[in-house]
Amino acid sequence: MNIESFKHIYFRIPIIIRLLVSVLLLMLIFGTIISFVEPNEFKTIFDGVWWVVVTGATIGYGDLVPQTVLGRLIGIVLMLTGGGLLTFYITSLSSAAINHEQDLSKGKISYKGKNHIIVIGWNERTRQLVRMIEDKNKAFEIVLIDRTVNNLPYRHFPVHFIHGDPSEDATLIQANIQHAASVIITSDITKKERQADVSTILTTVAIRGNNEYVPINAEILSISQVENAIRAGANTVISSNDFMSTLFYHEIFHQESTRPFETILAMLNSQQFIQKPLPEKLTDCTFQECVMHHMQNRQLLIGIIRDDTWTMNPPAEFKLKKDDRLLVLMSWQEKSAADKQE
């Protein structure tokens with residue numbers, strides 16, 4: 001290998017590794033030289049390397065000291081070169097750690113993990129979502145993609161931040177989209193409704209193009225764009241405007257003794273909706289019998305889905321058929337136990 005080839009390889013290595021290799025090589029060279037110059041004082045090469053380390057680090061234990069003029073001249077050269085190089089290495093290591101943290105806060109570092117949740121859009125909804133995941137599912141890592149935020153300190157928000165356009169392949173690859181467990185796309189509230197929906201649909205297309213199987217949950221503002229989001233590849237489309245309009249209607253016309261918003265919020269915080277096929281043993285049973293069966297497992301049956309038609313709270317004598325799907329309400333903690341029993 002000639003000098004130019006060596007330079008070509010050496011200067012492509014990260015600076016921290018280059019400095020570490022240089023420091024180790026310098027220690028080995030000086031340790032070998034001093035052990036040959038003063039074999040009586042430095043009986044092994046390791047003794048020489050030890051002396052080089054404590055001298056270069058300006059510690060100077062004094063257990064090994066050069067006795068000859070030549071040995072002391074070597075020590076002077078070591079102090080002028082090795083000590084400065086070691087100090088520069090430690091300074092560079094500290095600087096690299098600070099720069100890495102700054103790049104992480106600025107969204108410049110690619111995510112290398114797997115089975116993570118990608119959240120697109122930084123807003124109050126995603127802030128609360130991050131808090132909920134941290135409280136209930138600490139094992140999941142969260143990767144946030146946003147182009148409007150320039151700095152997001154990791155110590156304040158436990159997410160891996162990626163700064164960029166989520167509809168671009170480069171940004172999605174940086175978020176390691178191919179190994180994501182699920183994706184949540186929130187609507188951009190800084191844009192008009194139609195523009196926000198177009199952006200969501202374009203992002204959905206880009207995600208589906210990079211990962212054919214990842215579940216995509218997309219927020220759509222206009223009901224007319226729901227079908228387009230599904231065509232683009234979204235598994236679940238959340239029409240937030242429809243939900244809020246219905247909730248406002250309930251708040252206006254509800255009975256004085258009820259509080260719809262607080263009730264729904266409290267319910268979703270501790271319970272979850274489950275859709276599951278009708279167990280074979282419950283075929284031709286009444287809705288009331290099916291309700292009693294599920295109550296034994298701390299599950300609340302609230303409706304059925306038959307031929308894509310939702311029937312909530314049907315009459316007690318309502319007969320269940322083979323292909324019916326059940327809509328069940330159950331606690332987050334009971335889900336795993338219920339799955340084993342089923």
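If you're wondering where the values come from, they're calculated on a predicted model, not measured in any experiment. All values below come from the heavy atoms of this structure, side chains included, with hydrogens, waters and symmetry mates left out.
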Quiz item: Taking only residues two or more places apart in sequence, or in another chain, which ones meet Arg125 in a salt bridge (Lys or Arg N to Asp or Glu O under 4.0 Å)?
Solution: Glu219
Exercise. Count the heavy atoms belonging to other residues, nucleotides or ligands that lie under 6.0 Å from CG of Asp307, then report whether that count exceeds 12.
Key: no
Quiz item: Apart from Ile238 itself, which Ile, Leu, Val, Met, Phe, Trp or Tyr residues share its cluster (side-chain heavy atoms under 4.5 Å, direct or through members)?
Solution: none
Quiz item: Taking Asn151 for the side chain and Lys106 for the main chain, is one N or O donor matched with an acceptor at less than 3.5 Å?
Solution: no
Quiz item: Do other residues, nucleotides or ligands put more than 12 heavy atoms under 6.0 Å from Gln288 CD?
Solution: no
Quiz prompt | Enclosure of Glu124 CD (heavy-atom neighbours >12, cutoff 6.0 Å) | solution = yes
Quiz item: Near Gln178 CD, under 6.0 Å, is it more than 12 heavy atoms from other residues, nucleotides or ligands?
Solution: no
Exercise. Answer yes or no: is there a donor N or O on one side and an acceptor on the other, between the side chain of Thr204 and the main chain of Ala232, under 3.5 Å?
Key: no
Quiz prompt | Glu38 side chain to Thr68 side chain, donor-acceptor N/O pair below 3.5 angstrom | solution = yes
Quiz item: Do Gln225 and Arg194 have side-chain heavy atoms sitting under 4.5 Å apart?
Solution: yes
Would you mind writing out the side-chain donor-acceptor pairs for residues 323-330 within the sub-3.5 Å range, not counting sequence neighbours?
{"unit_1": "Asp324", "atom_1": "OD1", "unit_2": "Arg306", "atom_2": "NE", "d": "2.8"}
{"unit_1": "Asp324", "atom_1": "OD2", "unit_2": "Arg306", "atom_2": "NE", "d": "3.4"}
{"unit_1": "Asp324", "atom_1": "OD2", "unit_2": "Arg306", "atom_2": "NH2", "d": "2.7"}
{"unit_1": "Asp324", "atom_1": "OD2", "unit_2": "Lys321", "atom_2": "N", "d": "2.7"}
{"unit_1": "Arg325", "atom_1": "NH2", "unit_2": "Gln275", "atom_2": "O", "d": "3.2"}

Self-check item: By salt bridge (Lys or Arg N to Asp or Glu O under 4.0 Å) - contacts of Arg231 (at least two apart)
Solution: none
Self-check item: Spatial distance of atom CD1 (Ile220) from atom CD (Glu193) [nearest 0.5 Å]
Solution: 11.0 Å
Practice problem: For the pair Thr44 (side chain) and Asp47 (backbone), establish whether a donor and an acceptor sit closer than 3.5 Å, ignoring hydrogens and angles. | Solution: yes
Self-check item: side chain to side chain donor-acceptor pair (under 3.5 Å) partners for Thr190, two or more places apart
Solution: Asp188
Quiz prompt | ILVMFWY clustering at 4.5 Å (side-chain atoms), partners of Met132 | solution = none
Quiz item: To the nearest 0.5 Å, what is the distance between NZ (Lys112) and NE2 (His179)?
Solution: 11.5 Å
Exercise. Under the side chain to side chain donor-acceptor pair (under 3.5 Å) rule, collect the residues that match up with Ser222, sequence neighbours excluded.
Key: Asp197
Quiz item: Excluding sequence neighbours, so at least two apart, what forms salt bridge (Lys or Arg N to Asp or Glu O under 4.0 Å) with Asp103?
Solution: none
Quiz prompt | Set of residues satisfying side chain to side chain donor-acceptor pair (under 3.5 Å) with respect to Ser239, sequence neighbours excluded | solution = Asp242
Practice problem: Taking atom NZ of Lys191 as the centre, report whether more than 12 heavy atoms of other residues, nucleotides or ligands fall under 6.0 Å from it. | Solution: yes
Practice problem: In sequence, state the C-alpha distance, the side-chain angles, and the governing distance for Asn217 and Asn235, and then conclude on side chain to side chain donor-acceptor pair (under 3.5 Å). | Solution: CA-CA 6 Å; Asn217 306 280; Asn235 300 91; over 6 Å; no
Practice problem: Would you give the length of the straight line joining atom CZ of Arg127 to atom CG of Leu144, rounded to the nearest 0.5 angstrom? | Solution: 10.0 Å
Self-check item: Any side-chain heavy-atom pair of Val53 and Met27 under 4.5 Å
Solution: yes
Quiz prompt | Partners passing side chain to side chain donor-acceptor pair (under 3.5 Å) against Gln174 (at least two apart in sequence or in another chain) | solution = none
Quiz item: Can you get from Ile33 to Phe46 by hopping between Ile, Leu, Val, Met, Phe, Trp and Tyr side chains that sit under 4.5 Å apart?
Solution: no
Practice problem: Could I get the full list of ring pair (Phe, Tyr, Trp, His ring centres under 6.0 Å) partners for Tyr249, not counting sequence neighbours? | Solution: Phe253
Quiz item: From Thr200 OG1 over to Gln195 CD, what is the distance, rounded to the nearest 0.5 angstrom?
Solution: 12.0 Å
Quiz item: Are Ile45 and Leu25 linked, directly or through other ILVMFWY residues, by side chains that come within less than 4.5 angstrom of each other?
Solution: yes
Quiz prompt | Student check: side-chain heavy atoms of Asn228 and Ile230 closer than 4.5 Å | solution = no
Quiz item: With distance as the sole criterion, is a donor-acceptor pair present between the side chains of Lys276 and Gln299 under 3.5 Å?
Solution: yes
Quiz item: If you link I, L, V, M, F, W and Y whenever their side-chain heavy atoms are under 4.5 Å apart, who else ends up in the same group as Ile216?
Solution: Tyr111, Ile118, Ile120, Val143, Ile145, Ile162, Leu172, Ile177, Val183, Ile185, Ile207, Val214
Quiz item: CG of Asn115 to CZ of Phe140: how many Å apart, nearest 0.5 Å?
Solution: 7.5 Å
Practice problem: First locate atom CG of Leu282, then atom NZ of Lys322, and finally report the distance between them rounded to the nearest 0.5 Å. | Solution: 14.5 Å
